[in-house]
Amino acid sequence: MNERAQSVVVIGAGPGGYEAALVAATLGAQVRVVDEDGVGGACVLTDCVPSKALISTAGQVGRVGHAATLGLRPADQPIRGGDQHGGAVSNVPLADVNARIVALAGKQSEDIRTGLEARGVTVVRGRARLLGPSRVAVEPAESSSGPGPTEELDADMILLATGAAPRVMPTAVPDGERILTWQQVWALRELPEHLIVVGSGVTGAELAQAYLGLGAQVTLVSSRDRVLPGEDADAAQVIEQVFRERGMTVLGRSRMTAVRRVSDAVVVELEDGRQIRGSHALLAVGSVPRTADLGLEAAGVAVTERGHIAVDRVSRTSVRGIYAAGDCTGVLPLASVAAAQGRIAVAHALGDAVTPLSTRGVAANIFTDPEIATVGLSQEEADRLDDVRSVLMPLATNARAKMDGIDQGFVKLFARQGSNQVVGGVVVAPRACELIFPIALAVGQRLTADQVAATITVYPSLSGSITEAARRLHAPGD
């Protein structure tokens, strides 16, 4: 007699949820995915995919301005955004740009749903909450005939992958028109005349530069002494310099206390009493885990002080049979990490081979222009250690960079003394997300700088700066 297929209920269809569902189905489980936002979650529909599409669009517009630095004089420039030096007048049709972005995100969501259903996964649009360690209540989304009856599901394994939402402050409440979160900007019909971005972390920096590139006047309000305060200081310095050179106003050490709407404008009030007036405000002041009303307390699932679901390295929560993945856990706010957590959780729960999550070799990327990609040990961590050496290679000396008109950016490598093992790296360059891969491979596979240096790269290429940096880490006698 065949054994009963194990049942899996996944709450949330973002990267952590849908990747887990695909693996569970492959392992023969009966899988249901419950999500109230749409397949792909906020990552696909309102966050990562749309924002990177907007950034890509701004980059295409910026190439028109960049052409002059290559000795080209276009005969016709129908659309101009912020060029390499900023200050351009824009007629970018934002309504059309946003329509394409929303459609693109919708198509990606459809493709993921199709892939899930092809594997036999049942997708339910609705809201779920825990009734206990192995039971879930599902309230289907409303239809034309009204909400359906609440269904209760038994599960051998439950995965919580509910993600996070933009943080909202009582003194800066979004209205969806002039005061916006990053999930609301896709409804804009016209390019903001003057966009005030509050928050200089990854989301704030990326979107500030995107709208600058499209031609908007942008003011970036940062409560810290520099933009991207959590990133490599050398990289952040390059990006802030680029921002200023291209015409962005960057207000450092300027903490926002309130944002209010005044007719067809907004006013951002700062802690020191200054008031900044603009046409729109974009709030990028962090995110909060979506863990409310999930029945966590009733089921006995432990959460951290900040409201994240506490998990171990195989994504187990404090309750047997309940796992969690993604931004609701607070491990690393990356889609790639969420997906890995989901896959690991299912493999562990269903008895497949599993390797606990390690964030040591996880590469991350900030999609500014130039991009910032990092992996492994950071400069701040290296500075606290006595046995780590580093080298920084400016791209301005790279032949391919000269050909492409790239005069900003660098490659930085960290290696242990003695073993000369590569333990981290930073790349600031166009498409740094692609250039970081060989460094991530070196960190993950514990390669030495000499092994990286011995790899013959294409000439001319930006990747040549990686091997050059590795050669400079060679220590005689190693």
Side-chain angles (χ1 to χ4, degrees), residues 47 51 55 86 164-175 178-185 192 194-212 216-262 265-289 304-308 327 330 332-334 364-369 372 374 378-381 383 428:
D47 287 355
S51 66
I55 290 164
R167 178 178 171 231
V168 174
M169 301 170 63
T171 57
V173 180
D175 63 7
R178 295 278 174 176
I179 304 174
L180 307 153
T181 70
W182 65 82
Q183 293 184 337
Q184 297 173 326
V185 294
H194 179 192
L195 178 65
I196 304 171
V197 179
V198 180
S200 63
V202 174
T203 300
E206 287 183 344
L207 290 177
Q209 192 175 37
Y211 284 104
L212 182 74
Q217 178 186 350
V218 176
T219 296
L220 181 61
V221 177
S222 174
S223 64
R224 307 290 285 275
D225 58 353
R226 62 176 171 84
V227 301
L228 298 169
E231 303 302 321
D232 181 90
D234 293 323
Q237 183 178 0
V238 170
I239 296 304
E240 183 164 341
Q241 180 181 343
V242 168
F243 283 1
R244 295 182 187 276
E245 288 178 352
R246 297 185 187 177
M248 187 186 301
T249 300
V250 180
L251 303 179
R253 298 182 180 179
S254 301
R255 185 175 297 277
M256 178 272 290
T257 57
V259 180
R260 54 188 173 85
R261 182 167 175 175
V262 181
V266 297
V267 174
V268 176
E269 300 177 1
L270 304 182
E271 195 172 53
D272 60 9
R274 285 178 295 167
Q275 295 187 348
I276 314 300
R277 189 181 181 92
S279 62
H280 297 75
L282 172 58
L283 306 178
V285 290
S287 60
V288 294
T304 68
E305 291 183 0
R306 300 185 64 181
H308 294 100
D327 288 0
L332 268 181
L334 300 171
N365 195 72
I366 301 172
F367 291 84
T368 46
D369 178 20
I372 301 174
T374 56
S378 68
Q379 181 72 67
E380 184 178 358
E381 292 168 326
D383 289 342
V428 180

Do you know which two heavy atoms are closest between [X] and [Y], and how far apart they sit?
X      : Y      : value
Asp327 : His308 : O-CD2, 3.4 Å
Ile179 : Val173 : CG2-O, 3.7 Å
Ile276 : Ile196 : O-CD1, 3.5 Å
Leu283 : Pro174 : CD1-CG, 4.0 Å
Val185 : Tyr211 : CB-OH, 3.4 Å
Glu206 : Phe367 : OE2-N, 2.7 Å

Give, for atom [atom1] of [X] and atom [atom2] of [Y], the distance between the pair rounded to the nearest 0.5 Å.
X      : Y      : atom1 : atom2 : value
Gln379 : Thr374 : CD    : OG1   : 12.5 Å
Arg167 : Thr181 : CZ    : OG1   : 14.0 Å
Leu282 : Thr203 : CG    : OG1   : 9.0 Å
Asp232 : Ile372 : CG    : CD1   : 7.5 Å
Thr368 : Leu207 : OG1   : CG    : 11.5 Å
Leu270 : Ser223 : CG    : OG    : 11.0 Å

Does the pair Phe243 and Ser200 meet the rule for a side-chain contact (heavy atoms from CB on, under 4.5 Å), with working shown?
-> CA-CA 12 Å; Phe243 283 1; Ser200 63; over 6 Å; no
Does some side-chain heavy atom of [Y] sit less than 4.5 Å from a side-chain heavy atom of [X]?
X      : Y      : value
Ser279 : Pro192 : yes
Arg260 : Val266 : no
Val221 : Val197 : no

Does CD belonging to Glu381 count more than 12 external heavy atoms closer than 6.0 Å?
-> yes
When you look at CZ of Arg226, are more than 12 heavy atoms from neighbouring residues, nucleotides or ligands closer to it than 6.0 Å?
->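 Above 12, so yes.
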Test log, rule side-chain hydrogen bond (donor to acceptor under 3.5 Å, both in side chains), inputs Gln237 and Gln241 | CA-CA 6 Å; Gln237 183 178 0; Gln241 180 181 343; 5.7 Å; no
State whether a side-chain donor-acceptor pair under 3.5 Å links Gln183 with Asp47.
-> yes
Validation: residues 247-256 side-chain donor-acceptor distances under 3.5 Å, sequence neighbours left out:
from, atom 1, to, atom 2, distance (Å)
Ser254, OG, Gly252, O, 2.9
Ser254, OG, Arg274, NH2, 2.8

